[in-house]
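Scroll down for the structure; my scribbles are underneath it.
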Protein chains: 2
Amino acid sequence: MRMHNPPHPGQVIKQLCLEPLGVSVTQAAQALGISRKTLSAILNGRARISPEMAVRLSIAFGTSAESWLNQQTQYDLWHAEQRRKQLQVTKLAV
Amino acid sequence: MRMHNPPHPGQVIKQLCLEPLGVSVTQAAQALGISRKTLSAILNGRARISPEMAVRLSIAFGTSAESWLNQQTQYDLWHAEQRRKQLQVTKLAV
DNA sequence: GCGATCTGTAACGTGATAGGTTACAGTGAG
DNA sequence: CTCACTGTAACCTATCACGTTACAGATCGC
C-alpha cells in the first residue's frame, strides 16, 4: 500500500506541459480537440484522464500515453485502497 | 505502440485465480461481495476492472491490486490507440 | 475607465458505464 | 430427473465523460 496521496495527474500536466510551452488552458483545449471546460476539470482534479484523453495528450505533447494513464491508475488505486476496509470480501487464497 | 491485442484481464483472473483454486464463478462472486452477473461480465471481457474491483481481487486472492489495474490500463490503452488517427489533435511540442 | 482575453464553474443535456435484481435457458453430474 | 453452475437478457439506478451556453472575476493594453 502506497504511503502518500499521489497528486492528481492534472497538476502534472499543467506543470510539465502547459507552463513550459507558455500555452494557455484555452489554447491547449483547442489543440487537444476538447472543450475548455473538460480540460479545466482535468487540470483541477475534478475529472480523470480517460484512455482517449491520454492518447490526445500523447499526440499534442509528444509524451507517452501510458505514463499518463499509469499516473491516473496510481491515483485511483490510492483512493480505492482508502476504502479497502469497507469492502465485504472473503479471503480465498493466501 | 504495442503490437498485440492484450488479453482482457478477465481471462487471466479465470486462469490464474479461479481454476487453480477450483472455485466456481458463483462462489468467487460471493467471496468478492459482488453479483454473479458482474463477475461473469468481467471474466468474459464485457466489463472492465474498476479500481474498487482490483482491491476486492487483491483481498480475495492475495494478489496485487496494482497488477490487475495495470493490466486493465494496458487493455484500455491498446483499444484507445486503435482510434488514435480519428482524434482531432494538434501537435504542440516535439 | 473600457474592451479584450483568460479562467473557473454552474446549469443544462447526452451517451456510456458499473453496479444491482430477477428470470430464463442450457449444460453437466449424480 | 434433479440439482448446481453458467451465460445472459431485461430492467433499474447512480455516476461519469463529454458537450454547449452563460456568467463572474481577474488581468492586461490602451
Side-chain angles (χ1 to χ4, degrees), chain A residues 8-11 13-15 17-60 65 68-69 71-73 75-77 79-80 82-84 86-89 92, chain B residues 8-11 13-15 17-60 65 68-69 71-73 75-77 79-80 82-84 86-89 92:
Chain A
H8 60 263
Q11 273 184 11
I13 294 174
K14 198 166 196 169
Q15 290 165 15
C17 298
L18 302 203
E19 292 174 357
L21 293 175
V23 156
S24 75
V25 174
T26 304
Q27 290 170 329
Q30 283 170 354
L32 288 165
I34 62 176
S35 75
R36 184 170 63 83
K37 169 188 167 152
T38 299
L39 180 55
S40 172
I42 291 175
L43 296 183
N44 293 291
R46 284 177 296 102
R48 312 214 329 286
I49 297 185
S50 64
E52 180 184 304
M53 196 62 67
V55 174
R56 287 182 192 274
L57 288 169
S58 79
I59 300 175
W68 294 121
L69 229 35
Q71 268 186 263
Q72 184 63 59
T73 296
Y75 184 76
D76 291 344
L77 183 54
H79 289 278
Q82 300 306 109
R83 297 187 300 279
R84 168 183 279 264
Q86 299 165 33
L87 303 178
Q88 312 275 328
V89 182
L92 286 176
Chain B
H8 61 263
Q11 273 184 10
I13 294 174
K14 197 166 196 171
Q15 291 165 14
C17 298
L18 302 203
E19 292 174 356
L21 293 174
V23 156
S24 74
V25 174
T26 303
Q27 290 170 328
Q30 283 169 354
L32 289 166
I34 62 176
S35 75
R36 184 169 64 83
K37 172 192 165 149
T38 299
L39 180 56
S40 173
I42 292 174
L43 296 183
N44 294 291
R46 282 177 297 103
R48 313 213 331 283
I49 297 186
S50 64
E52 181 185 304
M53 196 63 67
V55 175
R56 288 183 192 273
L57 289 168
S58 79
I59 300 174
W68 293 121
L69 228 35
Q71 267 186 265
Q72 185 63 58
T73 297
Y75 184 74
D76 291 344
L77 183 55
H79 289 278
Q82 300 306 110
R83 296 187 300 279
R84 169 181 278 263
Q86 298 165 34
L87 303 178
Q88 312 275 328
V89 182
L92 285 176

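Chain identifiers are assigned alphabetically (A, B, ...) following the order of the sequence lines, protein sequences preceding nucleic acid strands; residue numbering begins at 1 within each chain.
We find the CD1-CD distance between Ile59(A) and Gln88(B) to be 10.0 Å, quoted to the nearest 0.5 Å. Atoms NE2 and CD1, on His8(B) and Ile42(B) in that order, are 10.5 Å from each other to the nearest 0.5 Å. In this structure, Leu32(A) CG and Leu92(B) CG are separated by 7.0 Å, a value rounded to the nearest 0.5 Å.
For Gln72(B) (side chain) and Ile49(B) (main-chain N/O), a donor-acceptor pair under 3.5 Å exists by modelled atom type. In this structure, the side chain of Gln86(A) does not engage the main chain of Arg83(A) through any donor-acceptor pair within 3.5 Å.
The terminal axes of the helix from dG1(C)-dC30(D) to dG30(C)-dC1(D), fitted over 5 pairs per end, subtend an angle of 30° to the nearest 10°.
Near DNA chain C, meaning a heavy atom under 4.0 Å from it, residues 25-43 of chain A has Val25(A), Thr26(A), Arg36(A), Lys37(A), Ser40(A) in order of number. Scanning residues 48-60 of chain B for heavy-atom distances under 4.0 Å to DNA chain D yields an empty list.
A search for side chain to side chain donor-acceptor pair (under 3.5 Å) contacts involving Ser50(A) returns nothing, not counting sequence neighbours. For Lys14(B), the side chain to side chain contact (heavy atoms under 4.5 Å, CB included) partners at least two apart in sequence or on another chain are Glu19(B), Leu43(B). Among residues two or more places apart in sequence or in another chain, the side chain to side chain donor-acceptor pair (under 3.5 Å) test is passed with Glu52(A) by Arg56(A). Scanning for side chain to side chain contact (heavy atoms under 4.5 Å, CB included) contacts around Ala28(B) gives Leu18(B), Val23(B), Leu39(B), with sequence neighbours left out. Among residues two or more places apart in sequence or in another chain, the salt bridge (charged side-chain N to carboxylate O under 4.0 Å, His left out) test is passed with Arg48(A) by Asp76(A). Under the side chain to side chain contact (heavy atoms under 4.5 Å, CB included) criterion, Gln30(A) pairs with Thr26(A), not counting sequence neighbours.
Between Ser24(A) and dT5(C) there is no side-chain polar atom (N or O) within less than 4.0 angstrom of OP1 or OP2.
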Inset, instruction - Begin with the C-alpha distance, continue with both residues' side-chain angles, and end with the deciding distance and a verdict on side-chain contact (heavy atoms from CB on, under 4.5 Å) for Leu77(B) and Val55(A). - result: CA-CA 8 Å; Leu77(B) 183 55; Val55(A) 174; 4.2 Å; yes

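When DNA chain D is scanned 5' to 3' for any atom under 4.0 Å from a heavy atom of chain B, the first and last hits are dC5(D) to dC11(D).
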